[in-house]
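We're numbering straight along the sequence, starting at 1. All ligand and atom numbering here is 1-based and tracks the order in the structure.
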Amino acid sequence: MISTIPSTTADLASIRLQIRSLQPQLVAWRRRLHQCPELGFQESQTSQFIVHKLTEWGIEHQAGIAKTGVVATIVGDRPGPVLAIRADMDALPIQELNEVPYRSQNDGKMHACGHDGHVTIALGTAYYLARYRECFAGTVKIIFQPAEEGPGGAKPMIEAGVLRQPDVDAIIGLHLWNNLPLGTVGVRDGALMAATELFHCTIYGKGGHGAIPHQTIDSVVVGAHVVNAIQTVVSRSVDPLKAAVVTIGEFHAGTALNVIADQARMSGTVRYFDEAYTHFFSQRLERLIAGICQSYGARYTFDYQSLYPPVINDTDMAELVRTVALSVVETPAGIVPECRTMGGEDMAFFLEEVPGCYFFLGAANEAKNLAYPHHHPRFDFDETALGMGVEIFVRCVEKFCPSR
Ligand code: NI
């Protein structure tokens with residue numbers, strides 16, 4: 001319980017002071033969440049923890065949205081716009097290797113991406129805003145979303161109506177980011193993260209004896225040509241000023257060294273930023289596969305799925321976050337516009353519905369050995385970033401929903 005915060009209208013300096021006084025609680029919540037990581041759509045304890053806190057603070061909320069999602073609604077003193085803040089809740093199927101007192105207690109599961117920190121920052125923001133309702137005019141909806149790592153909780157939450165009643169005007173969200181040092185914020189207009197698509201392809205040849213190849217259709221040879229040809233999709237068919245990746249991560253064929261394989265299976269992922277390429281890769285890949293298979297007399301199946309669209313930030317909302325972040329990091333060098341990544345995020349679905357800004361909050365600290373990459377079994381971040389996250393969100397609310 002925190003009961004020491006005086007209820008006065010806060011200026012910028014006192015916002016910082018109040019939030020800094022929250023830091024020990026933020027760390028405690030984050031460590032508690034870190035100890036009980038849960039996979040996508042199974043975040044029941046996480047959800048209970050969130051609901052418990054919101055109830056304790058008298059914040060209106062709805063739980064059980066898209067299974068484990070929670071939405072908190074905080075209404076300011078006067079009417080005004082509606083801003084949503086999104087935090088993802090899920091962990092990863094990774095065995096934690098950190099030897100810290102707050103290490104994962106759930107075998108084979110770990111908060112290795114920092115979503116425990118995202119929930120904590122959103123809770124800290126909710127706590128602060130509920131205490132200082134006079135500081136903003138309008139409504140803040142805090143969306144605790146399940147299953148970002150897969151299969152994707154954003155879409156079912158949108159379908160459940162979390163952006164309506166009241167209608168959300170804009171949305172913001174952050175990712176703690178170990179690719180950036182503590183004290184920096186990665187924010188930019190337009191594309192921040194890539195569209196994420198995947199494909200599976202099986203080549204059907206004709207198996208036979210390894211010493212009698214002329215009686216066979218060698219699926220390994222056909223598949224190898226497909227792998228090579230696919231390397232030209234980005235280099236020869238995509239505008240060189242646009243970025244894209246096609247990676248074949250799996251290739252399986254054969255059972256013995258002297259047997260010509262009947263089938264070859266491959267799977268891969270496609271990433272790009274520009275929405276103009278939305279249907280391009282599925283068509284280009286299949287044309288290459290079909291042409292190569294035909295030339296060898298092989299058959300194929302090709303399954304292509306689009307998982308997440310690109311994360312596209314609205315110019316005005318990115319400017320709002322940039323201005324606020326600058327006041328928090330206090331040095332222009334702390335704002336990093338060159339922070340795009342080919343990683344994907346289902347925040348993209350929210351940004352398709354309403355204008356918004358997703359940004360990276362630098363959380364790495366080499367000096368404290370807190371700089372392992374996301375999804376690494378030794379991933380951890382500098383918890384100083386928790387308070388910075390709350391401060392950025394609170395200031396964004398006060399700027400987007402000004403009280404006067
Ligand atoms: Ni993540």
Between R31 and E383, does at least one N-O distance fall below 4.0 Å, as a salt bridge requires? yes
Thinking salt bridges, do R164 and D169 make one under a 4.0 Å N-O criterion? no
E149 meets the salt bridge (charged side-chain N to carboxylate O under 4.0 Å, His left out) criterion, sequence neighbours left out, with none
S219: which residues meet the side chain to side chain donor-acceptor pair (under 3.5 Å) condition with it, sequence neighbours left out? none
Residues that E99 engages under salt bridge (charged side-chain N to carboxylate O under 4.0 Å, His left out), provided they are two or more places apart: none
Out of I172, V329, I392, which one pairs with V324 under the side-chain contact (heavy atoms from CB on, under 4.5 Å) rule? I392
Ignoring water, what protein N, O or S atoms are under 2.8 Å from the Ni ion (ligand 1)? C113 SG, H115 NE2, H175 NE2
